[in-house]
Amino acid sequence: MYRETNFCIERIIFCVLMLISYYFNRLEAADTCNTSIFPSTFKFGAGTSAFQIEGGWNEDGKSRSSWDWLSNTYSIYLNNATGNVASDSYHQYKQDVASMVAMGLQNYKFSLSWSRILPKGLNYSINQAGVKYYHNLLDELEAAGIEPLVTIYHWDTPYALDLLGGWTNPKMVDYFVAYADIAFSLFGDRVKLWATINEPKSFCEGILSVLVNIFPELPIGTYEYLCGHYAILAHAKAYRLYKKKYQATQQGRVSLILNLSCNMGLTNSTADQEAAERKNLFEFGWFAHPIVYGDYPDIMQVVIANNSASQGFLISRLPKFTSSEKLLIKGAYDFIMVNTYTSYMVTMANYSNSPSYQNDLQTSTSQSSEWLSSGLSTLKVHPEGTRKVLKWISDTYSSPEIIITENGFSDNTAILNDTDRIRFINATLTNIRLSMCSDSVNVTGYFYWSLIDSMEWNNGYTVKFGLVQVDFDSENRTRTLKDSAYYYKNLIQTRLIIG
Ligand SMILES: *[C@@H]1O[C@H](CO)[C@@H](O)[C@H](O)[C@H]1NC(C)=O
Ligand SMILES: *[C@@H]1O[C@H](CO)[C@@H](O)[C@H](O)[C@H]1NC(C)=O
Ligand SMILES: *[C@@H]1O[C@H](CO)[C@@H](O)[C@H](O)[C@H]1NC(C)=O
Ligand SMILES: *[C@@H]1O[C@H](CO)[C@@H](O)[C@H](O)[C@H]1NC(C)=O
Ligand SMILES: *[C@@H]1O[C@H](CO)[C@@H](O)[C@H](O)[C@H]1NC(C)=O
Ligand SMILES: *[C@@H]1O[C@H](CO)[C@@H](O)[C@H](O)[C@H]1NC(C)=O
Ligand SMILES: *[C@@H]1O[C@H](CO)[C@@H](O)[C@H](O)[C@H]1NC(C)=O
Ligand SMILES: *[C@@H]1O[C@H](CO)[C@@H](O)[C@H](O)[C@H]1NC(C)=O
Ligand SMILES: *[C@@H]1O[C@H](CO)[C@@H](O)[C@H](O)[C@H]1NC(C)=O
Ligand SMILES: *[C@@H]1O[C@H](CO)[C@@H](O)[C@H](O)[C@H]1NC(C)=O
Ligand SMILES: *[C@@H]1O[C@H](CO)[C@@H](O)[C@H](O)[C@H]1NC(C)=O
């Protein structure tokens, strides 16, 4: 009897304690979700990529990358620009870190140049001078207390591997994993956040608008999906390798970076809403479904098989994963990383029977004339889109942790009093904080693109995203902080979205 009463009392006390703690936790949750202030754990950073900033394209044993070849052979398609000097960060990396210190940056995302570390692309010969460059950069960052997020591959394939077919070659999976292995072993003691591959959609599909001018015979409609398939497998194998070989000692986290714009139905009609969902699945689901759920989205499998058949292909242009590959890829991520810039209104387009990703996607897009223009005609400003993108990812992939790894505003002049950029960052962060508080999306970081003005791929040097201006006419590529850098500094310090 006594024991039973005692047990009962204990339970009551336990329940009361639970209720009290629940109540206080709720209060704390409501309190921390003040929409005008970011939590102290939220990572504010900025990013760059190797080809776009480093220059030193043929120095100290580095060989050509796909982009060195492209820009030195066909710069006519890139606004007559090369990345041979770019922002000269191969020599000016100390200035870059000084800029980061001046703006109180806590996180820096940069990428490794594969052909600087492995000039032949393969792992049998490592270029020590190239390795030294990244050790030097990491030394500077460590001294400044800046946490790195390192992208292993940001589009600059060693040209040697492009001659073997690049990402359409199944062997590319092993070549990439061998390279990632070297990156983990060399730098993993100091790098705890890893992105294997950046925006596969861009180098598998987006680049075609340039490549078809050079290679009219390119098998469009097949190229995109072979490239995407091996990129997914390469990421997943590198992820598994890290977990097996490095996780216990290095304690880092690994994922890949995907690109998604905000896709909204042109109207509220069911057909347009479905068109927007279809675009999300073709754009983001193409890679995220395999990594999260173990296979391509159903709609891609059905549509591409059907279109392939009516085009005379005997098998679908979309490759299939074997059952062991499905096990390999499913769950191969520690969090989700997304690059997002703009929004589109989406509606279905008419079917065209020539094979291509775009014809499989079969949507047409438009943008509102009310959205502010930027330095790139395709990237109109619609900060509310960021919140919708985050909600879609969170709803579709079971509320993962999300880091925004690219988002930014460009102009064509690199003006220092860049009020439009400040408004853009402020409005985007306002929407991100709303997403965290009102939509319960778990966003843990934001990396502005880009830290410094750089070589913007096919736009050359005509488009400037930087928080820091680079004078491309000066011998030393002089760096000057823009007003947005000071705005960002204050925001990082106070964590407040300022009125
Ligand atoms: C949100 O935080 C700011 C800054 O700490 C504070 O001034 C404001 O009163 C808070 N708002 C609410 C609703 O608690
Ligand atoms: C690139 O250079 C060529 C030859 O000098 C010139 O005709 C063309 O207009 C240039 N293109 C751009 C975008 O500057
Ligand atoms: C190179 O990669 C192969 C696997 O492709 C691996 O067995 C070998 O250990 C790697 N060598 C070095 C030096 O990392
Ligand atoms: C992201 O994806 C969209 C849609 O595919 C594309 O238009 C845009 O150029 C991409 N952005 C970047 C920075 O690659
Ligand atoms: C779509 O519906 C929402 C709410 O249901 C409404 O606010 C919005 O104006 C509608 N949009 C269009 C384009 O009709
Ligand atoms: C299958 O392809 C035909 C064209 O050959 C098209 O009319 C039909 O809508 C497609 N079905 C699906 C589900 O995509
Ligand atoms: C599709 O084709 C029909 C008939 O040719 C045409 O009226 C319509 O405008 C087209 N739709 C689009 C989105 O191009
Ligand atoms: C967000 O994700 C991080 C990392 O997985 C986790 O520690 C944290 O509890 C999550 N926060 C919320 C609110 O779910
Ligand atoms: C920026 O400064 C320039 C030169 O001082 C001036 O002409 C321009 O109006 C300013 N722009 C803004 C947005 O303040
Ligand atoms: C460029 O930098 C080098 C080394 O830091 C220095 O010696 C040189 O004076 C600089 N040149 C200019 C034009 O600033
Ligand atoms: C930033 O956004 C807030 C709304 O969250 C607005 O009140 C404020 O005026 C904006 N500040 C700047 C500098 O644009």
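Bear in mind that the values here come from a model prediction, so they are computed numbers and not experimental data. Every number for a ligand or one of its atoms is a count from 1 in the order of the listing.
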Nearest-neighbour protein heavy atom for atom 13 (C) of ligand 7, which is reported as residue plus atom name and distance: Met348 O, 3.9 Å
Rounded distance (nearest 0.5 Å) linking atom NZ of Lys109 with atom CD of Glu147: 14.0 Å
Does some side-chain heavy atom of Gln469 sit less than 4.5 Å from a side-chain heavy atom of Lys464? no
Is atom 4 (C) of ligand 2 close to the protein, meaning a heavy atom under 4.0 Å from it? no
Flag the pair Arg317 and Glu224 as a salt bridge only when some basic side-chain nitrogen lies within less than 4.0 angstrom of an acidic carboxylate oxygen. no
Considering both backbone and side-chain atoms of Asn80, is one of its nitrogen or oxygen atoms within less than 3.5 Å of a nitrogen or oxygen in ligand 2? yes
Between Arg479 and Asp471, is there a salt bridge with N-O shorter than 4.0 Å? no
Is the number of heavy atoms from other residues, nucleotides or ligands within 6.0 Å of NZ (Lys391) greater than 12? no
So Phe215 and Trp69, would you call those rings parallel, tilted or perpendicular, with 30° and 60° as cut-offs? parallel
Note the single closest protein heavy atom to atom 2 (O) of ligand 7, along with its residue, its atom name and the distance in Å. Asn350 ND2, 2.2 Å
Show the atoms of ligand 1 that are less than 4.0 angstrom away from any heavy atom in Ser36. 1 (C)
Return a yes/no value: protein heavy atom under 4.0 Å from atom 11 (N) of ligand 7? yes
Using a 4.0 Å cut-off to any heavy atom of Leu496, which atoms of ligand 1 qualify? 4 (C)
Enumerated ligand 2 atoms positioned under 4.0 Å from heavy atoms of Asn79: 13 (C)
Fit a plane to each ring of His154 and Trp449, take the angle between them on a 0 to 90° scale, and name the class: parallel (under 30°), tilted (30 to 60°) or perpendicular (over 60°). parallel
Protein non-hydrogen atoms only, distance under 4.0 Å: does atom 7 (O) of ligand 2 have such a neighbour? no
